[in-house]
Structure formats: structure tokens, C-alpha cells
Amino acid sequence: MTSTRPQVVIIGSGFAGLAAARGLGKARADVTIIDRTNHHLFQPLLYQVATAELAPGDIAQPIRHILRRHRNVRVLLGEATGIDPQTHRVWMGESFLHYDYLIIATGSRHSYFGNDAWARFAPGLKTIDDARRIRARVLAAFEQAEFCHDTAERTRLLRFVVIGGGPTGVEIAGALAELARHTLREEFRIINPAMAKIVLVEAGERILAQFPHALTAYAEQALARLGVHVLTRTRVTNINSEGVMLDGALLPAATVIWGAGVMATPVGQWLGVETDRLGRVTVDRDFSVPSLDGVYVLGDAALATLPDGTVLPGLAQVADQEGEWLGRALARRINGEPPSAPLPLSRQGQPRHHRAQRRRC
């Protein structure tokens with residue numbers, strides 16, 4: 001039997017999509033959340049899985065279990081393959097779902113700035129599978145170095161290069177240093193893991209460029225204490241099986257990890273609207289797409305700006321708050337209640353951080 005209640009479709013079960021589904025839990029509507037995996041991932045801790053500090057199950061939880069109390073929400077395991085804003089349809093292969101309200105929270109993907117061939121040699125970190133692959137490479141490098149008799153090759157095996165001085169790159173570099181100097185201490189007999197070289201490469205003037213200079217200075221000091229060598233104003237010109245070309249010179253390394261660039265998922269192509277250079281769709285203050293009825297975009301896929309022109313950053317805490325606010329706002333609208341107040345802001349003009357900072361799966 002076809003329901004006469006409003007139909008809300010959410011694509012993506014990251015922080016934004018999951019929070020929106022929760023916010024709609026008391027709406028007089030049928031909510032469907034679509035995702036390619038059956039688990040919600042606490043992505044900020046992926047680097048700890050990649051460096052063997054946490055097991056994959058520590059940062060992933062089944063979506064259905066999280067939303068089990070919201071009886072109006074169902075979960076579909078699958079992939080949205082297209083969107084037709086004119087007929088209000090979300091296509092999943094040859095089948096489709098009709099929507100009255102569509103929330104797109106599909107996040108971002110790796111960007112190699114047109115050098116996609118580098119992905120083979122420098123994996124990024126977005127999924128559990130990414131973290132597993134990186135962990136396998138890292139641990140294999142130490143194992144191979146243990147029985148390697150060639151000095152130059154052993155040096156290459158024990159050099160780890162992280163490309164990108166943003167939060168992900170800084171976290172991975174620090175965690176690799178902790179792994180080498182503390183976790184693996186006294187576990188090998190031929191090599192000394194503490195002799196591993198961790199190199200963090202950033203093309204810009206400084207690491208953590210989106211944060212205040214004081215935080216950059218603190219991070220650089222903390223990394224230096226761990227033995228991480230930070231290279232700024234250094235461009236990657238190629239990556240291959242031997243290592244990384246930095247400004248034309250080869251730095252031999254067996255393990256290279258990519259954290260330099262991301263692009264939004266192709267939401268703009270799906271909707272037929274323009275995007276910025278990072279693929280983000282411009283949205284209004286309520287996260288709606290101006291030219292499309294009932295369509296909202298959240299998180300890394302959205303170019304959301306404050307009244308002063310500040311762009312909301314692509315952080316888990318921000319995505320969580322966007323999703324929570326939109327879910328509750330739509331629920332009030334569907335239930336015929338007064339509209340919600342604007343998304344609360346701190347004195348710094350950013351969304352107010354709250355429980356998302358403390359949430360763990």
C-alpha cells in the first residue's frame with residue numbers, strides 16, 4: 001500500500017545524514033536513508049585504524065542499530081545512481097524512490113589534482129577499507145625491513161611520507177611516529193623501529209593553514225618532538241613505486257599516504273547545477289539548493305556561507321550540527337509547527353560545537 005505521508009530521502013549516512021535522520025525521527029513522514037555500506041563510520045578516528053591503534057569495529061556501528069528507535073526511518077543498502085529533480089526521483093539502478101524532500105549528504109572523495117595514477121602508490125584515507133590497506137602497507141614495511149640486508153633499501157622501507165599538511169595529514173604523521181617510537185618498541189631484533197623517518201609534505205606556506213598561526217606553531221613543535229620532519233613550500237611532482245618526487249628530486253619511500261586534497265562527490269552533476277572548484281553545491285542559509293524544490297545538501301558537498309561570507313568548514317562537528325538542525329527544521333515544517341531558529345553560531349561565527357566532539361561509536 002502506498003503511503004500518503006511525505007517522503008523524505010536521505011543519501012549518505014555520515015555525520016550529516018545520520019543527524020538529519022535522527023532529527024526527523026518524530027516527523028509525520030516516511031524517511032529512507034540510502035548508503036553503500038551498512039555502517040556509520042566515525043571518520044575522525046580512521047587514522048588510528050590505519051596505524052593499528054584501533055580495530056575497525058571500534059569506529060563503525062550498524063546504521064540500523066543507531067536508528068532502531070525511530071520507527072518512521074528505514075535503511076536501504078544500495079547506491080544512488082542518479083537524481084531527477086523534475087520528477088522528484090532518486091534512481092538506484094533500474095528502480096527509483098519518489099521524494100517530497102531530498103537530503104544529500106554524500107561527503108567528499110580523494111582528489112589527486114588530475115593525477116589519478118598516483119592513487120595506486122599513495123592511498124588516501126576515507127573508508128575502513130582504505131585504513132586496512134594503509135595499515136597493511138605500514139606493518140609490511142617494518143616486516144620487510146627486518147630481513148632486508150641492503151642498507152639503502154632498508155632506509156627506503158623505513159621512510160614514510162605523508163602528503164598534505166591538513167588535519168588528516170598531521171594526525172597520520174603523528175600516529176605513525178607514535179607507532180614507530182612506542183608501539184613497536186622492542187618488538188624487532190634487527191631493526192630499530194624508532195629509526196623510521198616520517199616526512200610530512202605540504203605545498204603551502206604552513207601546515208594546518210585553515211587554523212590560527214598559533215595552532216600551526218604548536219602542531220609543528222609537537223610533531224618535531226615525535227621526530228616528524230615537516231617540509232613546507234614543497235610540491236609533489238610525481239609518485240611511483242620508488243617513492244615521491246619533490247620539486248623534481250626523488251625521495252625514496254616504500255609507504256606514501258595521500259592527505260592533500262578532497263573533492264565533493266558529484267552532487268552538482270546529479271542535480272545539474274553549478275559548483276565551486278571543489279565540487280560543492282551552493283546552498284541557502286537553510287541548506288536548500290536555490291533552484292530546486294525540496295532539495296537540500298549538507299556537509300562536505302555543500303558550499304554553505306554565513307552572513308559575513310565565512311564558508312562553513314568541512315568538519316565532522318559542523319556536518320553533525322547541520323544535519324541535526326535541518327532534520328528538526330524539516331520535522332517542524334512537516335508537522336505544521338513554527339519554523340526553527342537559524343543554525344546557532346558561536347562568537348567566532350562558526351556553528352556551535354557540542355556533543356559531536358565527544359561522540360564515539
Side-chain angles (χ1 to χ4, degrees), residues 43-51 53 107-113 115 118-119 121-126 130-131 134 137-138 158-182 194 196-239 243-253 255-264 277-278 280 300 310-319 348 350 353 357:
Q43 204 171 73
L45 292 181
L46 261 181
Y47 76 96
Q48 293 193 22
V49 176
T51 53
E53 294 181 53
S108 57
R109 52 185 172 165
H110 303 306
S111 172
Y112 290 85
F113 309 114
N115 300 287
W118 294 355
F121 308 106
L125 189 58
K126 281 290 182 184
D130 291 338
I134 290 172
R137 289 192 184 195
V138 169
L158 292 178
R159 181 177 288 119
F160 302 86
V161 179
V162 181
I163 301 171
T168 298
V170 169
E171 288 170 339
I172 294 174
L176 284 171
E178 291 279 357
L179 175 70
R181 284 153 181 74
H182 301 290
K197 305 297 182 183
I198 317 298
V199 181
L200 178 62
V201 180
E202 167 57 41
E205 297 289 322
R206 61 188 179 98
I207 62 173
L208 301 178
Q210 64 271 56
F211 295 98
H213 284 264
L215 185 57
T216 294
Y218 175 82
E220 287 179 342
Q221 293 170 7
L223 290 172
R225 287 194 296 270
L226 289 170
V228 177
H229 185 39
V230 178
L231 297 177
T232 56
R233 305 175 191 172
T234 304
R235 291 179 60 252
V236 174
T237 54
N238 195 19
I239 307 173
V244 184
M245 297 290 291
L246 301 178
D247 292 327
L250 176 66
L251 178 65
T255 305
V256 182
I257 301 171
W258 184 265
V262 295
M263 291 251 333
R277 62 182 182 85
L278 298 179
R280 297 175 296 184
D300 291 351
T310 302
V311 176
L312 296 185
L315 301 174
Q317 297 96 329
V318 177
Q348 289 74 32
Q350 301 295 349
H353 291 191
Q357 293 175 304

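The analysis underlying the following values was restricted to heavy atoms, covering all of them including side chains, and did not include hydrogens, waters or symmetry mates. Note that the structure is a prediction, hence the values are computed from the model and not measured.
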When rounded to the nearest 0.5 Å, the distance separating CE of M263 from CZ of R280 is 10.0 Å
One should read off an interatomic distance between Q210 CD and L215 CG, to the nearest 0.5 angstrom, of 9.0 Å
Kindly say whether A122 contributes a backbone atom to a donor-acceptor pair with the side chain of Y112 at under 3.5 angstrom? yes
Which pairs would a plain distance check flag for residues 158-173, meaning a side-chain donor or acceptor within less than 3.5 Å of a matching protein atom at least two apart in sequence or in another chain?
{"residue": "R159", "atom": "NH1", "partner": "P252", "partner atom": "O", "Å": "2.6"}

List the steps and the verdict of side-chain contact (heavy atoms from CB on, under 4.5 Å) for D130 and L46. CA-CA 9 Å; D130 291 338; L46 261 181; 5.9 Å; no
Separation between CD1 of I134 and CD1 of I257, rounded to the nearest 0.5 Å: 5.0 Å
Show the nearest heavy-atom pair for residues L278 and V262, with the distance to one decimal. CD2-O, 3.9 Å
Calculate, to the nearest 0.5 Å, the distance between atoms CG and CZ belonging to L176 and R181 respectively. 10.0 Å
In terms of heavy-atom contacts, D300 and G107 come closest through CB-C, 3.7 Å
Residue pair R137 / P123: nearest heavy atoms and the distance that separates them: NH1-CD, 3.3 Å
Ignoring hydrogens, what is the shortest heavy-atom contact between E53 and A175? Give both atom names and the distance. OE2-CB, 3.4 Å
Passing candidate, side chain to side chain contact (heavy atoms under 4.5 Å, CB included) with F121, options N238, I239, V244, V256: I239
Side-chain touch L200/I198, heavy atoms, less than 4.5 angstrom: no
For the student: nearest non-hydrogen atoms of V49 and A131, plus distance: CG1-CB, 3.7 Å
At what distance, to the nearest 0.5 angstrom, does CD of E202 lie from CD1 of I207? 8.5 Å
Does the side chain of K126 reach to within under 4.5 Å of the side chain of S108, using non-hydrogen atoms? yes
Output a table of donor-acceptor pairs, distance under 3.5 Å, between side-chain atoms of residues 218-232 and any protein atom two or more places apart or on a different chain; print 'none' if there are none.
none

